[in-house]
There are 2 protein chains.
Amino acid sequence: MLSKKTQYAFHALIYLAENVDKGPILISEIAAEKSISIKFLENILLELKNAGILGSKKGKGGGYYLMRTPKEIPLARIIRLLDGPIALLPCVSLNYYERCENCKDEAICGLHEVMSKVRDATLKLLENKSLKDILTRD
Amino acid sequence: MLSKKTQYAFHALIYLAENVDKGPILISEIAAEKSISIKFLENILLELKNAGILGSKKGKGGGYYLMRTPKEIPLARIIRLLDGPIALLPCVSLNYYERCENCKDEAICGLHEVMSKVRDATLKLLENKSLKDILTRD
DNA sequence: ATTTTAGTCTATCTTTTTTATAGGTTTTAT
DNA sequence: ATAAAACCTATAAAAAAGATAGACTAAAAT
């Protein structure tokens with residue numbers, strides 16, 4: 001399951017995307033609008049900023065805004081940033097690989113093979129679907 | 001990521017499947033063979049037994065054994081039993097559904113749609129692949 | 001019958017991760 | 001100058017994961 005952090009990030013990004021025309025948006029506005037603890041959200045938006053996904057402006061009239069178009073922000077990027085690995089096993093993760101202790105040879109490990117397929121199927125969607133694809137259809 | 005519990009369960013099941021001919025297998029043997037804390041493994045095997053996946057025999061010559069053929073044990077079953085939901089969001093889980101707070105209407109929620117697809121792609125593999133498919137190929 | 005073997009059950013403990021909060025600092029507009 | 005708003009770091013609280021302890025029950029061997 002995705003952590004609350006990642007879920008909140010998605011909701012915040014959706015809100016930002018749906019209000020691009022309004023310029024920088026206050027953390028407090030997003031928090032209120034999406035019922036997220038303002039301080040928790042603050043940390044999340046900071047991480048998104050440090051990753052180059054969001055930009056911000058301080059002082060009066062400040063707030064957060066998207067640094068890229070929704071189409072340019074793959075869902076996998078957000079998940080990896082805030083939740084870490086997408087794969088179900090460390091030995092099958094592309095970005096957070098770790099060798100498995102209990103298995104002698106990955107090449108003949110059946111678990112490895114199946115979980116690689118799961119990862120591929122998941123990534124095919126999450127890498128290709130972007131913020132644009134999760135905006136409310138109206 | 002799958003929890004250690006689920007990972008250990010897979011390794012234990014693999015060991016049991018690869019040693020069916022030897023009759024009931026000791027918890028201690030599996031623990032030693034797969035480097036798992038014996039007491040932790042004990043709990044896991046019990047859960048698998050209570051779910052009808054394993055059978056057991058007490059006293060001398062006792063141990064654990066599979067109640068079904070490896071082919072009849074889907075990977076999804078094990079994961080759900082020990083880890084809970086396979087879906088990435090509660091509002092998209094088939095077996096552990098929970099309504100999402102932040103979203104007004106699931107029918108038009110884009111996140112819901114994408115995550116449903118991820119769930120389907122994952123389940124297509126995990127429901128159809130069984131213990132048999134993760135045995136070491138030799 | 002008694003002893004030994006091995007799983008059963010339930011409770012607790014420890015560690016790690018997740019979720020959340022607090023409070024001061026810096027930047028910018030007016 | 002002042003107020004607004006993001007920035008930053010640390011910490012706390014809660015929950016989940018991982019692991020352990022020990023008494024109990026059942027089966028088998030003797």
Side-chain angles (χ1 to χ4, degrees), chain A residues 1-9 11-12 16 22-32 34-67 79 81-85 88-90 96 98 101-102, chain B residues 1-12 16 22-32 34-67 79 81-85 88 90 96 98 101-102:
Chain A
M1 295 273 254
L2 299 179
S3 67
K4 290 272 182 194
K5 211 166 163 184
T6 300
Q7 294 184 42
Y8 291 158
H11 287 294
L16 288 172
K22 297 207 302 186
I25 308 279
L26 296 185
I27 300 178
S28 56
E29 182 180 338
I30 306 173
K34 297 289 189 171
S35 323
I36 305 172
S37 145
I38 182 169
K39 275 297 192 176
F40 194 27
L41 181 59
E42 206 177 283
N43 295 315
I44 297 168
L45 297 182
L46 243 195
E47 280 194 72
L48 290 168
K49 188 205 163 188
N50 292 333
I53 294 163
L54 296 182
S56 68
K57 195 167 170 249
K58 285 184 178 177
K60 187 154 193 181
Y64 277 97
Y65 49 89
L66 296 176
M67 284 293 276
I79 296 176
L81 182 65
L82 299 168
D83 253 19
L88 292 181
L89 295 178
Y96 299 83
E98 273 175 60
E101 305 114 35
N102 300 335
Chain B
M1 295 273 253
L2 299 178
S3 67
K4 289 270 182 196
K5 212 167 163 183
T6 299
Q7 294 183 42
Y8 291 158
F10 279 133
H11 287 293
L16 288 173
K22 296 207 302 187
I25 308 279
L26 297 184
I27 300 178
S28 55
E29 181 180 338
I30 306 173
K34 297 290 189 172
S35 323
I36 305 172
S37 146
I38 182 167
K39 274 298 193 177
F40 195 28
L41 181 59
E42 209 176 280
N43 294 315
I44 296 167
L45 297 182
L46 244 196
E47 279 194 73
L48 290 167
K49 187 205 163 186
N50 292 333
I53 293 163
L54 295 183
S56 68
K57 194 166 170 253
K58 287 184 178 177
K60 185 150 197 183
Y64 277 97
Y65 48 89
L66 296 176
M67 285 292 275
I79 296 176
L81 182 66
L82 299 168
D83 253 20
L88 291 182
Y96 300 82
E98 273 175 60
E101 306 113 36
N102 301 334

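Just so you know, these numbers use all the heavy atoms, side chains as well, and skip hydrogens, waters and symmetry mates. Each chain gets a letter, A, B and so on, in the order its sequence line appears, and its residues count up from 1. Note that the structure is predicted; figures quoted are calculated from it, not measured.
Among the atoms of the strands shown, only primed sugar atoms or phosphate atoms (P, OP1, OP2) are found under 4.0 Å from some heavy atom of B:I27.
Counting heavy atoms from C-beta outward, A:I53 and A:L81 have side chains that approach closer than 4.5 Å. Here the side chains of B:F40 and B:E42 are not in contact, with every heavy-atom distance at 4.5 Å or above.
Atom CG in B:N43 sits 9.0 Å away from atom CD1 in B:I27 (nearest 0.5 Å). The distance from atom NZ of A:K4 to atom CD1 of A:I44, rounded to the nearest 0.5 Å, is 11.0 Å. Atom CE of residue B:M1 and atom CD of residue A:E98 lie 6.5 Å apart, to the nearest 0.5 angstrom.
Distance A:M1 CE to D:dA17 C1': 16 Å, rounded to the nearest Å. If you take CD of A:E47 and P of D:dA6, they are 17 Å apart, rounded to a whole angstrom. Protein atom CD1 of A:I36 is 13 Å distant from nucleotide atom P of C:dT21, rounded to whole Å. Taking atom CD1 of residue A:I44 and atom P of nucleotide C:dT18, one finds them 13 Å apart after rounding to whole Å. Rounded to an integer number of Å, the gap from A:F40 CZ to C:dT21 P is 9 Å. Across the protein-nucleic acid pair, B:K60 atom NZ and C:dG7 atom P stand 13 Å apart, rounded to whole Å. One interatomic measurement links the two molecules: CG of B:L26 to C1' of C:dT4, which rounds to 14 Å at whole-angstrom precision. Residue A:Y65 contributes atom OH, which lies 11 Å from atom P of C:dT28 at whole-angstrom precision.
When distances are taken from the side chain of B:S37 to each of C:dG7, D:dG22, D:dA19, the shortest belongs to D:dA19.
With hydrogens and angles left out, the side chain of B:K39 and the base of D:dG22 share a donor-acceptor pair within 3.5 Å. One can find a donor-acceptor pair under 3.5 Å joining the base of D:dT20 and the side-chain atoms of B:N43.
A sub-4.0 Å separation between OP1 or OP2 of C:dT17 and a side-chain N or O of A:S3 is absent. Contact annotation: A:Y8 reaches the phosphate of C:dA20 (side-chain N/O to OP1 or OP2, under 4.0 Å).
Nucleotides of DNA chain D nearest to A:K57 and B:G59 differ in position, and the one nearer the 5' end is that of A:K57. Positionally, the nearest nucleotide of DNA chain C for B:N50 lies more toward the 5' end than for the other of B:N50 and A:K58.
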